[in-house]
Amino acid sequence: AFMILYAKQLVCGGGARTFIAKRRFLLSSTLSVFDRSTPSSRNFSSTGAGSLSSSIDETGSRYRVFLGAGSNLGIRDLHIRRGVQLLCSEGDVELVRTSFFYQTAPMYVEDQPAFLNAAVEIETTLEPHALLRRVKDVEESLGRNFSEIRNGPRPLDLDILLYDHSASGNSIEIDSTDLKVPHPGIQERDFVLKPLSEISGSQYVHPLINQTIAELHDLLPKSKNPPVRVLPLSRNRTILFNETIIMGILNVTPDSFSDGGRWDVNVKAAVDRALRMEREGAAIVDIGGESTRPGAAEVAIDEELHRTIPVIKKIREVSDIPLSIDTRHAKVARAAIEAGADIVNDISGGLHDPKMLETVAELGVPVILMHMRGTPRTMQSMTEYDDVVKDVSNKLQERIRAAEKAGIPRWLQVADPGIGFAKDLAGNLLLLKNLKKIRSMVNDVPILIGTSRKGFIGKLTGTDQADQRDFGTVASMVGPLCLEGGELTCTILRVHNVEAARQATKIMDALKSA
């Protein structure tokens, strides 16, 4: 019923086109945000565009195509996600990969809402004008009115940016009245170049200008309102990475290592704590019903549900703050999202429960993929690595690819190196010291750092009581981010003491932005 209503709200026009659009929505209502059978990656070179070709005649042609996507009306991320899904619904277009989402100020016509922009890479057998017709059908089915002002507000805008032969890498040039490839606006649009570089590679050479995507981006004048990476949430909300994001920890457990037994007394106590963290500056509250401290035993799923779901429901009655559910179980993740949570935070990276990734894909929500070995009970006997930074990064990359293959696009992913989980003191310090390298190895997926009050801080400072380690916690988070350099990064800090972390990151972010 929801999909029928949604289709009626979005589809413009009448007659056969409206019927087709409604039919497509109904057919896709049981799918995940992206078809989970879609391959997540292919063996394409991203180091160059190959030679220019004005002809599309190659035997058995398959094409590698880069598209720009944008929306500034309605539920923006859902329009883009549905648009890509519809584009791939006929079997002759396959999604290869996506960029991240960016919120951008409007260009050309400035008196309109901010846009959400992204880029996608597809593989198709459709020739350029056939793909253009498909693109226009999809845009119209999602409410685009082509009679309105050009570059004005629109629920979905899909632009064909670049078109290559998959086999040879030769680029295609089209110069007709209704289609120009490469797109003539690529080199002047920050909101195109940023996401495009994430899927084409920064060294992809523009076939007409003969400069790389990175070089074109460097030539742009400095903007007062540059695109900002975002993590999309339900109800048209976003987490903007224009600052370091603070995630407050709410353990509704009797046995967590730092605050066990404090917030599981009753639902009111937990809700009050969440609201206090929101006032102190938390952008996310992470709710967990199972202790994952070293040596902890697994909690029954029914008990985990009993601890977390009433708290989520009650918080949602009084606040719209983004909520994440800290769980290894798909059943808990689904129940939490249905109760009002927004993000799934899985310390096993989707390995503990084989249904986790497909469940998150079906729910269409962000996921935090953490690295660990073993279980909380066994992990501290598994701290030996050949190269902890390389080994952890490679395993995170495997989980990122697994999530993409399951139907969770890159714009819905966060990676966590798992400080304290199957890591010894030296391993923790090396991971924190090499965050920049880790980011590069996981293709700049946002990073969550969870050092708060952990045992390695106690070892370094001689502080036995976990709740007395907040000064060390702040240093363990701000220090590594400063070592990365002078630019703001897409980072979430998971902390017990929100106010302390917020004050510290405010100063750090201001220094980096000065």
Side-chain angles (χ1 to χ4, degrees), residues 98-102 194 198 228-233 238-249 282-284 286 322 324 326 343-350 360 366-372 387-404 408-423 427-452 454 456 473-495 501-502 504-505 508-509 512:
T98 73
S99 71
F100 303 108
F101 275 129
Y102 288 87
K194 266 186 178 291
E198 292 167 356
V228 176
R229 181 98 69 85
V230 304
L231 192 67
L233 305 176
T238 56
I239 293 173
L240 273 71
F241 287 106
N242 59 349
E243 61 180 352
T244 303
I245 304 301
I246 305 300
M247 171 189 279
I249 300 170
I284 309 168
D286 187 49
S324 58
D326 183 356
I343 301 166
V344 175
N345 181 10
D346 183 353
I347 65 164
S348 78
V360 174
V367 66
I368 300 170
L369 303 165
M370 197 190 82
H371 173 272
M372 72 176 299
D387 181 331
V388 67
V389 174
K390 183 178 179 180
D391 292 350
V392 168
S393 299
N394 286 340
K395 289 298 183 181
L396 283 175
Q397 185 70 293
E398 287 179 12
R399 301 318 302 155
I400 288 167
R401 292 194 189 104
E404 286 184 299
I408 307 170
R410 188 156 50 157
W411 55 49
L412 291 177
Q413 295 186 27
V414 177
D416 179 351
I419 302 299
F421 287 82
K423 319 291 190 307
N428 288 325
L429 293 176
L430 284 171
L431 289 170
L432 291 170
K433 185 178 180 178
N434 289 280
L435 281 183
K436 188 172 185 177
K437 184 176 181 180
I438 295 170
R439 285 187 204 276
S440 176
M441 292 183 70
V442 300
N443 296 321
D444 205 28
V445 168
I447 296 291
L448 183 144
I449 304 173
T451 62
S452 188
K454 288 187 174 176
F456 82 98
T473 294
V474 168
S476 71
M477 293 180 167
V478 170
L481 293 178
C482 290
L483 287 174
E484 287 193 272
E487 293 186 357
L488 286 175
T489 55
C490 298
T491 305
I492 301 171
L493 303 182
R494 184 178 181 272
V495 300
R502 185 64 174 164
T505 56
M508 178 190 68
D509 289 352
K512 288 193 171 196

Can you list the steps and then say if Thr244 with Thr505 is a side chain to side chain donor-acceptor pair (under 3.5 Å)? CA-CA 6 Å; Thr244 303; Thr505 56; 5.4 Å; no
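- Atom CD1 of Ile419 and atom NE2 of His371 lie 11.0 Å apart (nearest 0.5 Å).
- Nearest heavy-atom pair across Leu412 and Pro232 is CD2-CG, 3.6 Å.
- The two residues Ala475 and Pro480 come nearest to each other via the heavy atoms O-CD, 3.7 Å.
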Please walk me through it: do Ile447 and Thr489 pass side chain to side chain contact (heavy atoms under 4.5 Å, CB included)? CA-CA 9 Å; Ile447 296 291; Thr489 55; over 6 Å; no
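- Looking at Glu243 and Lys512, no side-chain N of the basic residue comes within less than 4.0 Å of a carboxylate O on the acidic one, giving no salt bridge.
- In terms of heavy atoms, Val474 sits closest to Ala504 at CG1-CB, 3.4 Å.
- Contact of the Gln413 side chain with the Arg399 side chain is not registered, since no non-hydrogen atoms from C-beta on lie closer than 4.5 Å.
- In this structure the side chain of Phe241 never reaches within 4.5 angstrom of the side chain of Leu488, judged on heavy atoms.
- Put simply, the side chain of Phe100 does not reach to within 4.5 Å of the side chain of Cys490, judged on heavy atoms.
- The CD1 atom of Ile492 sits 6.0 Å away from the CD1 atom of Ile239 when rounded to the nearest 0.5 Å.
- Under the 3.5 Å distance criterion, the side-chain polar atoms of Lys454 are matched with a main-chain donor or acceptor of Gly450.
- Contact detail for Ala403 and Leu369: the closest heavy-atom pair is CB-CD1, 4.0 Å.
- Heavy-atom minimum distance, Ser452 versus Ile249: CB-CD1, 4.3 Å.
- Between Arg401 and Glu398 there is no salt bridge, since none of the side-chain N atoms of the basic residue sits less than 4.0 Å from a carboxylate O of the acidic one.
- Taking OG of Ser393 as the reference point, atom CG of Leu435 lies at 9.5 Å (rounded to 0.5 Å).
- Tested against Asp444, the residues Arg229, Lys436, Arg410 include a single salt bridge (Lys or Arg N to Asp or Glu O under 4.0 Å) partner, Arg229.
- The shortest non-hydrogen separation linking Met370 to Ile347 is CE-O, 3.2 Å.
- Ion pairing between a basic and an acidic side chain is recognised when a charged N comes within 4.0 Å of a carboxylate O; Arg439 and Glu484 show such pairing.
- Each of Val442, Asn443, Ile408 was checked for a side chain to side chain contact (heavy atoms under 4.5 Å, CB included) with Ile400, and the lone residue meeting it is Val442.
- Distance CE/Met247 to CD1/Ile343: 5.5 Å, rounded to 0.5 Å.
- At a threshold of 4.0 Å, the pair Asp416-Arg494 does not count as salt-bridged, since none of the basic side-chain nitrogens sits closer than that to a carboxylate oxygen.
- Note that CG of Leu431 and CD1 of Ile438 are 5.0 Å apart. Values are rounded to the nearest 0.5 Å.
- To the nearest 0.5 angstrom, Ile449 atom CD1 is 5.5 Å from Leu493 atom CG.
- Side-chain contact between Val230 and Trp411: absent, with no pair of heavy atoms (C-beta onward) separated by less than 4.5 Å.
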